[in-house]
2 protein chains.
Amino acid sequence: MSLDRRSGCPINLSLEVFGDRWSLIILRDMIFGGRRHFRELLNGSIEGIASNILADRLKRLMELGMLTKADDPSHKQKAIYSLTEMAITLVPILAHLGAWGRVWLPTSEELSIRAELLEKGGPPMWEKFMDELRHEHLGMPLDTASGPSVRATLQAAYQAVVAGKAPGASPAA
Amino acid sequence: MSLDRRSGCPINLSLEVFGDRWSLIILRDMIFGGRRHFRELLNGSIEGIASNILADRLKRLMELGMLTKADDPSHKQKAIYSLTEMAITLVPILAHLGAWGRVWLPTSEELSIRAELLEKGGPPMWEKFMDELRHEHLGMPLDTASGPSVRATLQAAYQAVVAGKAPGASPAA
DNA sequence: TGCAACCGATTGCAAAATGCAATCAGATTA
DNA sequence: TAATCTGATTGCATTTTGCAATCGGTTGCA
């Protein structure tokens, strides 16, 4: 896909790539949620994307070089979507965006705990996370002695908050 | 203005604020271009925003707490728009966004030189810039012995590139 | 073998957002 | 007083979005 190219300004061009209401949501679910299939993205995101919009955005993101698509060997009709390096390098931007939104917007506690952790982890954590994504999506080698994955760490924090808020659950899990 | 609040996720809420094609362009022109009036924003941006969209987005950004509007004392019919702290803290995000776009998208040299400088300046430069914006827009005191303003520095670099590219101009300015 | 469930989409349609040009009333300038 | 500039507003055609239904093929299970 070619950009409209309203101007050659880096900010404008970035907006032409993901300056809509869904592209970055899809990337967020792939990056932080680990989703790789159409249905996972369709049913997984709390915002409830429509299937035609999802199909359109996946196609667009592929044409822009942010995603690739491959056949899932285990299921003949399943397609598996992978992030490219171009998309993986969005991690610091998403971290900043999450941090900004957490400060200025009415975020919910359980959904902002991950942004908080990612902010506190800072660039070292982002780099570790990007390496893990490169491993998952690009098949790059991964440093073995690196402890639990960043995604697992973020997910555990999320679960802890949800458990703490759920009625009857043990807050001191 | 109330957000649609598709979800309380910080990234989603951030997208609901400026996840469209124009809001961040307007903020970019105010932050980096120093534009404060309707006409400056209308005619100044190279992307060419329509006046009804500009009016709508200014209103929306005001309702979201990103901008304020006041009468310009020098011209009775002129309105002057100011950034709030909420908008000023977008500077690091814009810096990251510009850096990302410069790497991955077909940016033009003259329009990406500012992003490059801002990236090289890093957080210290961003902080200085934000302080200058707080001075301009919020009337905060400014450290006096701080040299030329960040905006002037960025603008000078832009002019130098433009002069170097212009036929007949002196590249070694 | 049958059959329901699931796969990645596609289609049709109404509603909303966008882009564009013309226009507005008041204030300023010449 | 006439032209120009101010921040908008209006009307209208085009585009995008949101939503529900549906599609042909695949899979898992009885």
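We name chains A, B, ... by the order of the sequence lines, and we start the count at 1 in each one.
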Could you tell me the separation between the CD1 atom of B:I53 and the C1' atom of C:dC20, rounded to a whole number of Å?
-> 10 Å

Can you tell me the distance, in whole Å, between the CG atom of B:L67 and the P atom of D:dA8?
-> 12 Å

Could you tell me which non-hydrogen atom of B:I80 sits nearest to which non-hydrogen atom of B:D71, and how far apart they are?
-> CG2-O, 4.2 Å

Taken to the nearest whole Å, CG/A:N43 to C1'/C:dC6 is 10 Å

Name the closest nucleotide to the A:H75 side chain, picking from D:dG18, C:dC7, D:dG28.
-> D:dG28

Among D:dA8, C:dC7, C:dT18, find the nucleotide with the atom closest to the side chain of B:R39.
-> D:dA8

With DNA chain D as reference, determine whether B:F38 or A:S74 sits nearer its 5' end, using the nearest nucleotide of each.
-> B:F38

So, for B:E110 and B:Y158, which heavy atoms are closest and what is the spacing to 0.1 Å?
-> O-CD1, 3.0 Å

Could you please name the option among C:dG8, C:dT18, D:dG7 that lies closest to any side-chain atom of B:D20?
-> C:dT18

Think A:K78 has a side-chain N or O under 4.0 angstrom from the OP1 or OP2 of D:dG25?
-> no

Give a yes or no answer on whether the side chain of A:T84 reaches the backbone of A:G65 with a donor-acceptor pair at less than 3.5 Å.
-> yes

Candidates D:dT17, D:dA20, C:dG26 - which lies nearest the side chain of B:Q77 = C:dG26

Out of D:dC19, C:dG19, D:dG7, minimum distance to the side chain of A:N52 belongs to D:dC19

Atom-to-atom span, CZ of B:R60 to P of D:dA8 - whole angstrom | 17 Å

Which nucleotide in C:dA21, D:dG18, C:dA17 has an atom nearest any side-chain atom of B:R57 = C:dA17

What is the nucleic acid contact for B:R6, judged by heavy atoms within less than 4.0 Å: base, sugar-phosphate only, or nothing?
-> nothing

Would you say a side-chain N or O of A:W22 is under 4.0 Å from OP1 or OP2 of D:dG18?
-> yes

Grab the CD1-C1' distance between B:I49 and D:dA8 for me, whole Å please.
-> 13 Å

Value in whole Å for how far the P atom of D:dT17 lies from CZ of B:R21 = 10 Å

Looking at CG of B:L27 and CZ of B:F32, how far apart are the two atoms once the value is rounded to the nearest 0.5 Å?
-> 10.5 Å

Whole Å only: how far is the CG atom of A:L42 from the C1' atom of C:dC6?
-> 12 Å

Candidates C:dT28, C:dG19, D:dA8 - which lies nearest the side chain of B:S51 = D:dA8

Whole-Å distance, A:D71 CG to D:dT26 P, equals 12 Å

Verdict with supporting geometry, A:W100 and B:S14, side chain to side chain donor-acceptor pair (under 3.5 Å) | CA-CA 8 Å; A:W100 184 87; B:S14 298; over 6 Å; no

